[in-house]
There are 2 protein chains.
Amino acid sequence: MTINKTFDALADETRRKILELLKKKDMAVNEIAVNFSITLPSLSHHLSILKNANLVTARRRGQQIIYSLNLSVFEEAAKEIYNLFKIKNNKKV
Amino acid sequence: MTINKTFDALADETRRKILELLKKKDMAVNEIAVNFSITLPSLSHHLSILKNANLVTARRRGQQIIYSLNLSVFEEAAKEIYNLFKIKNNKKV
DNA sequence: TTATTATTTAGATAGTTGTCTAAATATCTA
DNA sequence: TAGATATTTAGACAACTATCTAAATAATAA
């Protein structure tokens, strides 16, 4: 949940693309995979980083694991990022 | 100016701390340096990444180089980040 | 139970990056 | 001009990370 984990998770283009995909709908790993040209283990690695940063959640549906954006934490993270860098009181030297 | 460069620049804790410092006021490199325990070349490296991502600008004042937040681009980047991850239309599977 | 499908874990490797020391560049002062 | 101060550049190195192949785990189907 730290801001560090959030930024590390967002710093990779593949992971940002995964999040963009999950904005449209929840998806199983193999469904996500068709959008990339990396192997499944590599994709799984990225998913675990996103999961660890609480940006996504995973639930099993039969043989598949369905990934979703973790909406509450995600909105929260976006706001946190915005506020972190919102200028409040800049003084020129 | 790409979103990639922005995220890469923001993914490092030292660089985020530099930006926080520059929110308060413009600062010379040696003034920034007292807040960190890294060498000046390392700090200079971070500053060049921030500069390259257009998050800061640099101007010379005598022997010193004064760094400032690049307000316009900075606000823009913050909004871009916020919008990139704002949920518009999420559908459950 | 055996085979098939879906995903993750383990372990190795190559590329990237943050850090350092040493040297170079730029400005100011005596 | 010589010396001091401020910062960057160059080059090396260690740590990190994204990727891969091979193997393991989990659920379903035959």
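Residue numbers begin at 1 in each chain, while the letters A, B, ... track the order of the sequences.
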Protein-nucleotide distance ([X], atom [atom1]; [N], atom [atom2]), rounded to Å:
| X | N | atom1 | atom2 | result |
| --- | --- | --- | --- | --- |
| B/Phe36 | C/dC20 | CZ | P | 13 Å |
| A/Ile65 | D/dT28 | CD1 | C1' | 14 Å |
| B/Leu47 | C/dT19 | CG | C1' | 15 Å |

Distance below 4.0 Å between A/Ser42 side-chain N/O and D/dT19 OP1 or OP2: no
Presence of B/His45 side-chain N/O under 4.0 Å of D/dT9 phosphate oxygens OP1/OP2: no
Under 4.0 Å, heavy atoms only, any strand: does [X] hit a base, just the sugar-phosphate, or nothing?
| X | result |
| --- | --- |
| B/Tyr67 | sugar-phosphate |
| B/Ile49 | sugar-phosphate |
| B/Leu40 | base |

Side chain of [X] (C-beta onward), nearest among [options]:
| X | options | answer |
| --- | --- | --- |
| A/Gln63 | D/dA27, D/dT8, D/dA6 | D/dA27 |
| B/Gln64 | C/dA22, C/dT7, D/dT7 | D/dT7 |
| A/Val29 | C/dG18, D/dT19, C/dT7 | C/dT7 |
| B/Ile38 | D/dT19, C/dA6, C/dC20 | C/dC20 |

Whichever of A/Thr39 and A/Asp8 has its nearest DNA chain D nucleotide further upstream toward 5': A/Asp8
B/Lys5 side chain to B/Asn52 side chain, donor-acceptor N/O pair below 3.5 angstrom: yes
